[in-house]
Amino acid sequence: MTAQTEFEASGMTRNTQWEQIRGKLRSEYGEATFNSWLKNIELEKIDGSKASMTLPTRFLRDWVLNNYANRIRQLWNTEDNSITTVDIRVKPLDKKNTSSHKPTFGLADMSEPFKGKKPLYAETTSPDPSLMAPLDPRFTFENFVVGKSNELAHAAARRVAEAKDSVPFNPLYLYGGVGLGKTHLMHAIGHGIAANSPEKKVLYLSAEKFMYRFIRALRFKDTMNFKDQFRSVDVLMIDDVQFISGKDSTQEEFFHTFNALVDQNHQIIISGDRSPTDLEEMEERMRSRLGWGLVADIHPTDYELRLGILQSKVEQGKIDIDPRILEFLAHRITSNVRELEGALNRVLAYSDLVGRAVTLESTQEVLRDLLRANDRRITIEEIQKKVAEHFNIRMSDMHSARRARAVARPRQVAMYLAKHLTSRSLPEIGRKFGGRDHTTVMHALKKIDELRQEDIALSEDIDLLMRMLE
Ligand code: ADP
Ligand code: MG
């Protein structure tokens, strides 16, 4: 192979790897988040163990670095285990495009997930259509399967959607892990209100979008208009409120908007990935405000609900499939509904492609990676145990306050592994290590990252532990 073709070949695989990673990001974080923050990341180069990428603005870059860089790094590492760090820079201005001031964000592009279909906006007299996220036509109450784990959230959502002149609970706060139906229920409320009270102005948007709009309004000195628009709605829904955490001015604005609407007796519906009291980075007054109305949590699914959801999907799609396959999936894909649906779709797509009916064998074959991941979710306890064994310290030292290097370092390694091998947040990890603060965890991650550059033995220890745990 000449040097030239070799280079092209590796460029090809790099691009394929990058496409894989983009695909995973899109499915893990969902279409809206992907379009808002991740779509415009471009792969620049791979240099040894470092993957370098770019984003068009500093704001986007900072946000992605803070929120998604770790996951991107992990995904690169899975594609190519020699890649251990990532770097995201602001893309130098393209000379040809300097005349265009239009931001290249994907936010205006919200209709993309609903290819071809005209998006339905729930409000009648929209102040500014770019504020709204369209409601997904599939996310209705009819398509929502009720089980023990989501019955309270579902009943509360119905009540809010059907209330004509009253506000049953304010706010309605829905929380639960990813992929358990929070967004689905919120859209269903939106559809319900549009049907029952078409005169009502409903605004649904993600907390990220709220924040983005607010920062833009600040930048363009347009906050009056921003405030008016938010405060003139009858129903405000903010999805994934945990993303507002920690951004002071946005929190402040959110708090005021919230109070103004509550004072006018307008309905607010909020979703989050944890309970209001666990939103550590949210100001205390906001946390307590969020818990004033009805707080309904959605628990992980049980077998019956998972099977019910699969059955409802195949009925809707008029799909002919051996019921044993559905039972198998409901049994084995326990993580969340999004993965469960994804698994069913993959199995169906495969059978469509090869032109053969789905069998138990083909299902197992097609879903091998997913099944393995569902069988084996590493817990922080397992990590602590392995690390303690490896460094020959006591398990209790993972929680203890002892700061001697001989125990502190392994503890930091365990935190580092917990961050990289599980999807737990920093505060959650801190809590599992004897109730430490998330900043302590952050410090540990930084320390270990630094040490890995200089201390080859430690770096090898960590790689070994990672392999054993995975
Ligand atoms: P969350 O917002 O909690 O992360 P979503 O509302 O996006 O989760 O749900 C993920 C996927 O699972 C969606 O496609 C949704 O329609 C589906 N889903 C979740 N719960 C149910 C349910 N009880 N019945 C039917 N579909 C569900
Ligand atoms: Mg959601």
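Hydrogens, waters and symmetry mates play no part in the numbers below; they use all other heavy atoms, side chains included. The structure presented is a predicted model; accordingly, all values stated were derived computationally and were not measured.
- In this structure, Arg73 does not pair ionically with Glu79, as no charged nitrogen and carboxylate oxygen lie closer than 4.0 Å.
- Glu19 has a carboxylate O that lies under 4.0 Å from a charged side-chain N of Arg22, or vice versa, which qualifies the two as a salt bridge.
- Within a 6.0 Å sphere centred on CZ of Arg324, other residues, nucleotides and ligands contribute 12 heavy atoms or fewer.
- In this structure, Thr363 contributes its side chain and Thr359 its backbone to a donor-acceptor pair below 3.5 Å.
- Annotation: Phe254 is not in aromatic contact with Phe214 [ring centroid separation under 6.0 Å not met].
- Taking the side chain as every heavy atom from C-beta outward, Met282 and Gln251 approach each other to under 4.5 Å.
- Here the side chains of Leu367 and Arg346 are in contact, with some heavy-atom distance below 4.5 Å.
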List the steps and the verdict of side chain to side chain contact (heavy atoms under 4.5 Å, CB included) for His438 and Glu281.
CA-CA 10 Å; His438 75 277; Glu281 286 167 47; 4.3 Å; yes
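- Side-chain contact between Lys201 and Ser232 is present, with heavy atoms from C-beta onward closer than 4.5 Å.
- Without hydrogens or angle criteria, Ser351 side chain to Arg356 main chain gives a donor-acceptor distance under 3.5 Å.
- Counting all heavy atoms, side chain and backbone alike, Leu310 lies closest to Ala330 at CD1-N, 3.8 Å.
- A heavy-atom distance below 4.5 Å is found between the side chains of Val64 and Ile72.
- With rounding to the nearest 0.5 Å, the separation of NZ in Lys313 from CG in Leu329 is 13.5 Å.
- Using cut-offs of 30° and 60° for the angle between ring planes, the Trp76 and Trp18 rings count as parallel.
- Using a distance-only test at 3.5 Å, with no hydrogens or angles considered, no donor-acceptor pair links the side chain of Asn259 to the main chain of His256.
- Contacts of Asp463 classified as side-chain hydrogen bond (donor to acceptor under 3.5 Å, both in side chains), with partners at least two apart in sequence or in another chain: Arg452.
- With hydrogens and angles ignored, the 3.5 Å screen pairs no side-chain donor or acceptor of His266 with any backbone N or O of Ala260.
- For the pair Ser362 and Tyr350, the minimum side-chain heavy-atom distance is below 4.5 Å.
- In this structure, His331 places its NE2 atom where only 12 or fewer heavy-atom neighbours from other residues, nucleotides or ligands lie under 6.0 Å away.
- Note: His154 and Phe144 have parallel aromatic rings, judged against thresholds of 30 and 60 degrees for the angle between ring planes.
- When the shell of 6.0 Å around NZ of Lys50 is examined, it contains 12 or fewer heavy atoms from other residues, nucleotides or ligands.
- A distance-only check finds a donor-acceptor pair linking the side chain of Gln242 to the backbone of Asp273 [under 3.5 Å].
- With a 6.0 Å cutoff to the six-membered ring centre and a 45° limit on the axis angle, Arg159 does not count as a cation-pi contact of Phe169.
- Judged as a side-chain contact (heavy atoms from CB on, under 4.5 Å), and not counting sequence neighbours, the contacts of Asn196 are Glu162, Lys164.
- Taking every heavy atom of both residues into account, Tyr173 and Ser275 meet most closely at OH-C, 4.0 Å.
- More than 12 non-hydrogen atoms from other residues, nucleotides or ligands lie less than 6.0 angstrom from CG of Asp228.
- Between the side chain of Thr78 and the backbone N or O of Gln74, at least one donor-acceptor pair lies under 3.5 Å.
- Residues Leu426 and Leu445 are in side-chain contact: their nearest non-hydrogen atoms beyond the backbone lie under 4.5 Å apart.
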Residue pair Thr54, Asn40: steps toward the side chain to side chain contact (heavy atoms under 4.5 Å, CB included) verdict
CA-CA 8 Å; Thr54 60; Asn40 290 321; over 6 Å; no
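- Put simply, the side chain of Asn77 gets close to the backbone of Ile83: a donor and an acceptor are under 3.5 Å apart.
- The line from OG of Ser27 to CG of Asn345 is 11.5 Å long, rounded to the nearest 0.5 Å.
- Annotation for Val295 and Pro276: closest pair CG1-CD, 4.0 Å, computed over non-hydrogen atoms.
- In this structure, Lys227 places its NZ atom where more than 12 heavy-atom neighbours from other residues, nucleotides or ligands lie under 6.0 Å away.
- Counting only N and O atoms by type, the side chains of Asp239 and Ser271 include a donor and acceptor under 3.5 Å apart.
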ring-ring contact (aromatic ring centres under 6.0 Å, His included), that's the test. Do Phe230 and Phe210 meet it? Break it down for me.
CA-CA 10 Å; Phe230 275 93; Phe210 178 89; 5.0 Å; yes
Can you list the steps and then say if Glu253 with Arg231 is a salt bridge (Lys or Arg N to Asp or Glu O under 4.0 Å)?
CA-CA 11 Å; Glu253 181 56 31; Arg231 290 171 195 184; 3.3 Å; yes
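- Note that CD1 of Ile429 and NZ of Lys419 are 5.5 Å apart. Values are rounded to the nearest 0.5 Å.
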Test log, rule side chain to side chain contact (heavy atoms under 4.5 Å, CB included), inputs Ser206 and Ile238
CA-CA 5 Å; Ser206 67; Ile238 304 269; over 6 Å; no
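- Ionic pairing of Glu280 and Arg287 is not present here: no N-O contact between side-chain nitrogen and carboxylate oxygen is shorter than 4.0 angstrom.
- With respect to Glu315 and Lys318, no salt bridge is recorded, no charged nitrogen being found less than 4.0 Å from a carboxylate O.
- The backbone N or O of Thr16 lies less than 3.5 Å from no partner atom in the side chain of Gln20, so there is not a single donor-acceptor pair.
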One pair to check against salt bridge (Lys or Arg N to Asp or Glu O under 4.0 Å): Arg274 and Glu428. What are the steps and the verdict?
CA-CA 11 Å; Arg274 59 200 99 143; Glu428 282 172 310; over 6 Å; no
Taking it one step at a time, do Gln267 and Val160 satisfy side chain to side chain contact (heavy atoms under 4.5 Å, CB included)?
CA-CA 8 Å; Gln267 178 74 55; Val160 166; 3.8 Å; yes
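- A salt bridge between Arg338 and Glu28 is absent, with no side-chain N of the basic residue lying under 4.0 Å from a carboxylate O of the acidic one.
- No donor-acceptor distance shorter than 3.5 angstrom exists from the side chain of Asp240 to the backbone of Thr183, with no hydrogens or angles considered.
- Under the salt bridge (charged side-chain N to carboxylate O under 4.0 Å, His left out) criterion, no residue pair touches residues 289-304, with sequence neighbours excluded.
- The aromatic rings of His187 and Tyr204 lie perpendicular to each other, with more than 60° between the two planes, well past the 30° mark.
- Between Leu172 and Ile268, the closest side-chain pair of non-hydrogen atoms is not below 4.5 Å.
- Between Ile333 and Arg306, the closest side-chain pair of non-hydrogen atoms is not below 4.5 Å.
- Ion pairing between Arg14 and Asp80 holds under the 4.0 Å rule for side-chain N and carboxylate O.
- Residues Asp165 and Lys200 are not paired through a salt bridge, judged by the lack of any N-O separation under 4.0 Å between the basic side chain and the carboxylate.
- Summarising the geometry, atom CG belonging to Asn150 is positioned 6.5 Å from atom CD1 belonging to Ile298; distances are rounded to the nearest 0.5 Å.
- Going from atom CD1 of Ile383 over to atom CG of Leu421 covers 5.0 Å, rounded to the nearest 0.5 Å.
- Salt bridge absent: Lys91 and Glu44 never bring a charged side-chain N and a carboxylate O closer than 4.0 Å.
- Side chain of Arg436 to main chain of Arg431: no donor-acceptor pair is present (N/O by atom type, distance under 3.5 Å, no hydrogens or angles).
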